[in-house]
Amino acid sequence: MKYEAVIGLEIHVQLNCATKMFCDCRNSPGDPPNSNICPICLGIPGTLKQFGREALEKAVLSCLALNCEIQPESAFDQKVYYYPDLPRGYQLFQFHRPLGRNGWLEITAEDGGWKRLRGREAHMEEDVARLVHESDSRRRFSLVDFNRAGAPLVEIVTEPDMRGPQDAMEFLRTLRVCLRYAGTAECSLEEGTMRVDANISVRPEGSTGLSTKVEVKNMNSIRHVGNAIAHEIARQTALVEEGKEVTLHTRLWDPDRNVTTPMRGKFAGPCVPDPSVPAITVSPEFLDELRARLPEMPAVRRRGFEERHGLTPEEAALMSSERELAEYFEAVVAGGSSPRAAVDWITGRLLPLLRDRGESLASTRVTPARLAALLELVERREISAGAGKEVLTRMLESDLDPAAIVVREGLAQVSDRETLETVADTVIANNPDAVKDYHAGKKPALGFLVGRAMKASGGKADPKKMRSLLEEKLGSSGD
Ligand code: ADP
Ligand code: ZN
Ligand code: MG
C-alpha cells in the first residue's frame, strides 16, 4: 500500500511594532536582557493592560495579506498554564474569537502551476518571556529574559492541505514574502521572528480521513522545517507498515542528528475569556483604510511581470520577491527601459554593486529614473555595455546625469568608420599569427582579434561594428 502525508502548520509571527502589545515597552527582544520591561509585561498584579493600536493595525494588515475574512469583533482569552516564562499564570491570546478566518495563499506547486492552501484562522497573541538555560561547575540554572514578554504576535493556523515538505517550505516562503510586503513582520526563523510547529500524519493514498498526527517543534530555518517533515513522514510510514500505531504527541527536531525525538508533555490548562481587555472591534471604515495601505501583493505582481513584461517564471518570481525590488523594477520600466534590460541590469549589475557597498535600493543614488536614463544610452548604442557598467559605478557616487558622466569620462561609443578602421588595421598588422589562424579556418581567432581591437579602443568601439569590419578586412576565413 502507498501512503500520503497530511500536514498543517501553526506559525507564530512576531509583528514589527515599535512597542509591546499591552504596554509601552520597546518591542525589541534582542536588546540586553530585561532592559525593556515594566510592571505590565512582568505580570505584576494590579496593573492595567492597555491594548495598542499599532498591534491591531499590523495584525489586521497581516490577516489581509493572507486573504483572511476580518471579524468585526474579536476578543482575548486567557490560556492558563504555569511555567517560569509566564509568572502571571496565563497568556493572552484569541482562542474563541480570532481576528481572521478562512485565509489562503497560493504557492507554486512542484509541477510549476499554482496551488491554493487554506488558512483556518489567524489570531493575536502575546509572547512570553525567554528562558536561557545555563550551568556552572556546581549546578544548572535558568535565567528569564522578559524583553520578549508581551511582544505582539499573530498565530496563523493552516488547514491540513499540505502533502509534503515542499508544500510546507513553499507556504512559509510565500507567507514571508507577503508579510514583508505588508510591512508587518520580518518572518525569520533564524532570528526567532517566526516560529513554526508542523503537524504531520500519514494515511493510505486515496483515503480522505485524517489519521492521528504528531506535532514537531524546534526548527530554526525553513530548510529544517522541510527536513523535519521528511523525517517524520518516513518515521510514521515505517511504523504503519510494521502494523504499529502512531500516537498523538509532540516531538522536537534535532538538527545535529537529523531526527525528531519525543518531548515531555506540557500542562495545558483551560482557556477562558479575559475580562480585562475589551473586545476588539474593526469597523468597515477602519478596514477600508487599512486595505488601501496594502500594496499590490507578490502573486499579482508576479503574474503581471510574466504577462505584461514577458519575464520567465523564475525572473518574475525573483523580481517580485521583495516589495522594494518589485517597485524599483516597475519604475525603471515605467522610465522607458525594456523589461529585459531592466532585469539584466538590476540583478546582474546594480544589486551586486549595492551588496558590495552595503547599500540598498532604497538608499542608493541610482534612482529608477537614472537607471532608465542609463539604459536608454545603452539601448540607443551611444555607449557600449561595458562603458554602461563603468557609468553605473560612477552613478553610485554622483548625482550627475548618466549622459553627463559619459561626456566627462569620454566613454561615448565610437562607431564612426574611420576611427574603427584605423584600430582594425593596427590590430591586423600587430597579430599576424591570429590572422593566419583565421585564414586557416580557426574561428576563435576572430574573437581574439575583436577582443584586441576593443582593448585598443579603450572599450569604446562598437563591438558589433568592429567585428564585421574585421571580417570584411580579413576576407575569406578559409573554410
Ligand atoms: P489541536 O487541537 O491538536 O491543536 P487542531 O485541529 O487545532 O489540532 O489543528 C492544529 C493544526 O494541525 C492545524 O494546522 C491543522 O491543520 C493540523 N492538523 C489537524 N489534524 C491533522 C492531521 N490529522 N494531520 C496533519 N495535520 C493536522
Ligand atoms: Zn512593559
Ligand atoms: Mg489547536
Side-chain angles (χ1 to χ4, degrees), residues 3-12 17-29 31 33-44 46-52 54-55 66 79 86-88 92-96 98 101-105 117-123 125-129 145-152 155-165 167-168 171-172 175 195-204 207-217 225 228-229 232-233 235-237 240 245-251 263 265-266 268 270-271:
Y3 293 90
E4 75 170 357
V6 176
I7 300 148
L9 301 178
E10 292 164 292
I11 306 150
H12 282 96
C17 300
T19 61
K20 295 187 182 183
M21 204 162 214
F22 297 105
C23 61
D24 290 332
C25 290
R26 261 165 60 87
N27 174 35
S28 186
D31 287 356
N34 294 311
S35 53
N36 302 318
I37 56 174
C38 75
I40 294 177
C41 54
L42 287 173
I44 292 176
T47 51
L48 184 64
K49 300 178 275 292
Q50 242 180 348
F51 181 64
E54 192 193 4
L66 300 171
K79 175 158 67 185
L86 187 67
R88 197 208 278 139
L92 287 174
F93 88 119
Q94 301 184 305
F95 179 70
H96 294 106
R101 292 187 193 270
N102 302 327
W104 52 265
L105 282 180
L117 300 175
R118 294 167 301 158
R120 180 181 293 171
E121 64 166 74
H123 60 249
E125 183 169 325
E126 62 167 348
D127 211 340
V128 297
D145 177 3
F146 281 90
N147 281 351
R148 210 179 65 181
E155 182 181 4
I156 296 132
V157 183
T158 76
E159 291 292 348
D161 284 351
M162 295 158 223
R163 293 290 170 267
D167 281 356
F171 184 87
L172 292 172
L175 174 69
R195 301 196 288 274
V196 177
D197 302 338
N199 298 272
I200 302 147
S201 63
V202 296
R203 66 184 175 196
S207 71
T208 51
L210 290 175
S211 319
T212 305
K213 71 180 165 79
V214 167
E215 185 178 348
V216 184
K217 295 176 176 292
V225 173
I229 290 173
E232 187 54 26
I233 293 171
R235 194 188 68 85
Q236 291 185 21
T237 307
V240 176
E245 268 189 24
V246 174
T247 52
L248 183 73
H249 69 297
T250 301
R251 299 177 75 85
M263 187 182 125
K266 249 195 203 173
C271 277

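In this text the structure is predicted, and so the values were computed from the model without any measurement. All ligand and atom numbering here is 1-based and tracks the order in the structure.
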Counting only heavy atoms, tell me which of [options] gets closest to [atom].
| atom | options | value |
| --- | --- | --- |
| atom 14 (O) of ligand 1 | Thr158, Leu210, Val6 | Thr158 |
| atom 26 (N) of ligand 1 | Leu9, Asp197, Asn199 | Asn199 |
| atom 10 (C) of ligand 1 | Glu10, Glu159, Glu215, Met162 | Glu10 |
| atom 3 (O) of ligand 1 | Arg203, Glu121, Lys213 | Lys213 |

- Query: Which of these passes side chain to side chain donor-acceptor pair (under 3.5 Å) with Arg26: Asn147, Asp31, Thr19?
  - Reply: Asp31
Short side-chain to backbone donor-acceptor contact, [X] and [Y], under 3.5 Å:
| X | Y | value |
| --- | --- | --- |
| Asp161 | Leu117 | no |
| Thr158 | Leu9 | yes |
| Glu232 | Val216 | no |

- Message: Within rounding of 10°, what is the angle whose vertex is the Zn ion (ligand 2) and whose arms end at SG of Cys38 and SG of Cys23?
- Response: 110°
- Message: Please report, to 10°, the angle around the Zn ion (ligand 2) from atom SG (Cys41) across to atom SG (Cys25).
- Response: 110°
- Note on the structure: One should read off an interatomic distance between Asp197 CG and Asn199 CG, to the nearest 0.5 angstrom, of 7.0 Å
- Message: Does ligand 1 come near enough to Ser201 that some N or O of the ligand is less than 3.5 Å from an N or O of the residue?
- Response: yes
- Message: Please check whether Pro160 reaches ligand 1 - meaning an N/O of the residue sits under 3.5 Å from an N/O of the ligand, judged on distance alone.
- Response: yes
- Could you tell me how the ring of Phe22 sits relative to the ring of Phe51: parallel (under 30°), tilted (30 to 60°) or perpendicular (over 60°)? tilted
- Going by the order shown, which atoms of ligand 1 are within less than 4.0 Å of some heavy atom of Val157? 13 (C), 14 (O)
- Query: For ligand 1, is Arg120 a contact, meaning one of its heavy atoms is under 4.0 Å away?
  - Reply: yes
- Item | Check ion pair Arg88-Glu126 (N to O, under 4.0 angstrom) | yes
